[in-house]
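Each remark here refers to the structure printed beneath this line.
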Amino acid sequence: MTDNNESTTSTIDHTTNLLIDKHVEYIVKLGTKKDSFEYWVTEHIRMNGMYWGLSSLYLLKSLEKLDKNEVIPWVLSCQKSNGGFGGNTSHDGHLLSTLSAVQILVQYDALDKIDINSVVNYVVKLQREDGSFVGDQWGEVDTRFSYAAILCLSLLKSLDKINSEKAVEYILGCQNFDGGFGSIPGAESHAGQIFTCVGALSILNKIDKIDIDKLGWWLSERQLPNGGLNGRPEKSSDVCYSWWVLSALSAIDRLDWIDNDKLKNYILKCQDNETGGIADKPGDIPDVFHTFFGLCGLSLMGYFKDQIESIDPVYALGTKTLQKLGINLPWNKNL
């Protein structure tokens with residue numbers, strides 16, 4: 001990747017411009033590189049990768065670039081007999097890949113292709129007596145799973161099937177003295193976990209249960225002198241936190257507590273002006289994960305509005321997509 005600030009006839013200055021066409025091309029080509037190491041080392045999380053890539057194309061107003069007549073049957077082939085979806089056809093079902101599958105089908109308006117009750121039953125059975133959720137049959141507990149379950153059931157209009165009161169109680173038990181949230185009670189505050197907890201509480205209309213300003217302070221402290229954000233104190237910046245941190249700040253209406261322009265510049269510098277895609281840091285190799293979350297960050301901050309669709313900070317789906325489902329989004333400032 002080059003880092004030349006001077007534009008030429010063949011290269012657009014990636015430090016000031018969003019490389020729309022290159023990003024679209026980069027994402028579309030990912031599925032064709034079946035002889036690459038990267039393709040196979042991520043084989044077990046293909047469902048998540050498909051969600052990141054498809055959602056990136058949605059943001060770039062190019063959803064049609066992936067053939068839904070190929071994507072939808074593949075997603076359906078990953079569903080297991082218990083109702084959950086695996087990360088790929090040969091992998092066991094997991095709550096995270098199940099959510100990604102539902103998010104993909106929602107974007108294609110294809111929820112009618114699945115037995116919704118079987119998916120709902122799969123998710124509901126993963127809730128424990130203390131209100132927490134496990135990710136699969138092996139019993140790992142994490143606030144990520146609470147968010148995934150609540151978001152999934154919300155999209156499927158089945159939130160009444162779980163014990164929401166206990167779910168809220170468990171999530172609040174994961175909040176720390178600094179205002180942040182961890183993966184389990186007593187675990188270190190982390191921006192990724194904060195996103196999941198804020199998102200889950202927002203969907204359940206319980207965001208008033210937390211100290212908004214204390215949490216906003218912790219999140220705003222994540223911005224570094226280079227404009228980027230980190231996930232916890234004493235860590236380096238990473239583009240993915242342009243989503244984890246910003247989504248939470250947006251949901252609690254504290255987006256103006258960081259320097260948006262500096263973060264925008266940081267994200268743009270992480271673009272690869274040769275291959276397209278966005279990396280974790282300037283000069284690193286891009287990937288679909290950071291591409292999606294970099295675009296999400298720009299969308300949340302309202303940059304390039306004529307080029308990027310609006311993303312919802314809680315559902316991680318397009319605002320227009322959620323409006324079609326009739327979902328109430330009181331935190332969304334783009335409505």
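Quick note: residue numbers are just sequence positions, from 1.
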Tell me, yes or no, whether the heavy-atom count around [X] atom [atom1], taken from other residues, nucleotides or ligands under 6.0 Å, exceeds 12.
X	atom1	answer
K61	NZ	yes
N82	CG	yes
Q137	CD	yes
E129	CD	no
K262	NZ	yes

Between [X] (side chain) and [Y] (backbone), is there a donor-acceptor pair under 3.5 Å?
X	Y	result
H14	N273	no
T291	I278	yes
Q271	L268	yes
K264	L298	no
K214	F177	yes
N230	S237	no
S299	I311	yes
Q127	N163	yes
K125	V120	no
S56	L54	no

Compare every heavy atom of [Y] with every heavy atom of [X], then report the nearest pair and how far apart it is.
X	Y	value
K68	P73	O-CD, 3.8 Å
N226	Y266	ND2-CE1, 3.6 Å
G179	L215	O-CD1, 3.2 Å
F195	P313	CE1-O, 3.5 Å
Y122	L95	OH-N, 3.6 Å

State plainly whether one hydrophobic cluster holds both [X] and [Y], where clusters connect Ile, Leu, Val, Met, Phe, Trp and Tyr through side-chain heavy atoms under 4.5 angstrom apart.
X	Y	result
I267	I285	no
I210	L219	yes
W257	W218	no

Practice problem: Report the residues that fulfil ring-ring contact (aromatic ring centres under 6.0 Å, His included) with H94, sequence neighbours left out, ordered by chain and then residue number. | Solution: F145

Quiz item: Sequence neighbours excluded, which residues qualify as ring-ring contact (aromatic ring centres under 6.0 Å, His included) partners of F133?
Solution: none

Is any side-chain heavy atom of [Y] closer than 4.5 Å to one of [X]?
X	Y	answer
D272	L19	no
Y315	I203	yes
P233	R222	yes
L57	E64	no
V198	I207	yes
L295	L18	yes
V102	Y51	no
L159	S154	yes

By the salt bridge (Lys or Arg N to Asp or Glu O under 4.0 Å) test, which pairs, at least two apart or in different chains, include something from [range]?
range	answer
residues 88-112	none
residues 136-160	E140-R144, D142-R144
residues 93-108	none

Self-check item: Qualifying side chain to side chain donor-acceptor pair (under 3.5 Å) pairs with a residue from residues 195-210, counting only residues at least two apart or across chains
Solution: none

How about [X] and [Y]: does a side-chain donor come under 3.5 Å of a side-chain acceptor?
X	Y	value
S118	N121	no
N88	S90	no
H290	D287	yes
Y303	N260	no

Exercise. Calculate, to the nearest 0.5 Å, the distance between atoms OH and OG1 belonging to Y58 and T321 respectively.
Key: 4.0 Å

Quiz item: What distance separates I116 CD1 from K113 NZ, expressed to the nearest 0.5 Å?
Solution: 12.5 Å

I'd like a table of donor-acceptor pairs (distance under 3.5 Å, sequence neighbours excluded) in which one partner is a side-chain atom from residues 183-190, with atom names and distances.
from: E188; atom 1: OE1; to: R232; atom 2: NH1; distance (Å): 3.0
from: S189; atom 1: OG; to: N176; atom 2: ND2; distance (Å): 2.8
from: S189; atom 1: OG; to: D178; atom 2: OD1; distance (Å): 2.8
from: S189; atom 1: OG; to: D178; atom 2: OD2; distance (Å): 3.2
from: H190; atom 1: ND1; to: G192; atom 2: N; distance (Å): 2.9
from: H190; atom 1: NE2; to: Y241; atom 2: OH; distance (Å): 3.3

Quiz prompt | Trace of the salt bridge (charged side-chain N to carboxylate O under 4.0 Å, His left out) decision for K166 with E169 | solution = CA-CA 5 Å; K166 293 294 290 185; E169 182 181 319; 3.5 Å; yes

Practice problem: Any chance you could lay out the side-chain contact (heavy atoms from CB on, under 4.5 Å) test for L60 and I27, step after step, and finish with the verdict? | Solution: CA-CA 11 Å; L60 297 170; I27 294 165; 4.3 Å; yes

Among residues at least two apart in sequence or on other chains, which ones pass side-chain hydrogen bond (donor to acceptor under 3.5 Å, both in side chains) with [X]?
X	result
Y170	none
E309	K320
T98	none

For residues 328-335, please give each side-chain donor-acceptor pair under 3.5 Å, one per line with the distance, not counting sequence neighbours.
from: W331; atom 1: NE1; to: D312; atom 2: OD1; distance (Å): 3.0
from: W331; atom 1: NE1; to: D312; atom 2: OD2; distance (Å): 3.2
from: N332; atom 1: OD1; to: N334; atom 2: N; distance (Å): 2.8
from: N332; atom 1: ND2; to: D312; atom 2: OD1; distance (Å): 2.8
from: N332; atom 1: ND2; to: T319; atom 2: OG1; distance (Å): 3.1
from: K333; atom 1: NZ; to: W331; atom 2: O; distance (Å): 2.8
from: N334; atom 1: ND2; to: S310; atom 2: OG; distance (Å): 2.9

If you look only at distance, which donor and acceptor atoms sit under 3.5 Å apart when one is on a side chain in residues 242-254 and the other is two or more places apart or in another chain?
from: S242; atom 1: OG; to: V239; atom 2: O; distance (Å): 2.9
from: S247; atom 1: OG; to: W243; atom 2: O; distance (Å): 2.6
from: S247; atom 1: OG; to: W244; atom 2: O; distance (Å): 3.3
from: R254; atom 1: NE; to: D213; atom 2: OD1; distance (Å): 3.1
from: R254; atom 1: NH1; to: I252; atom 2: O; distance (Å): 3.1
from: R254; atom 1: NH2; to: D213; atom 2: OD1; distance (Å): 2.9

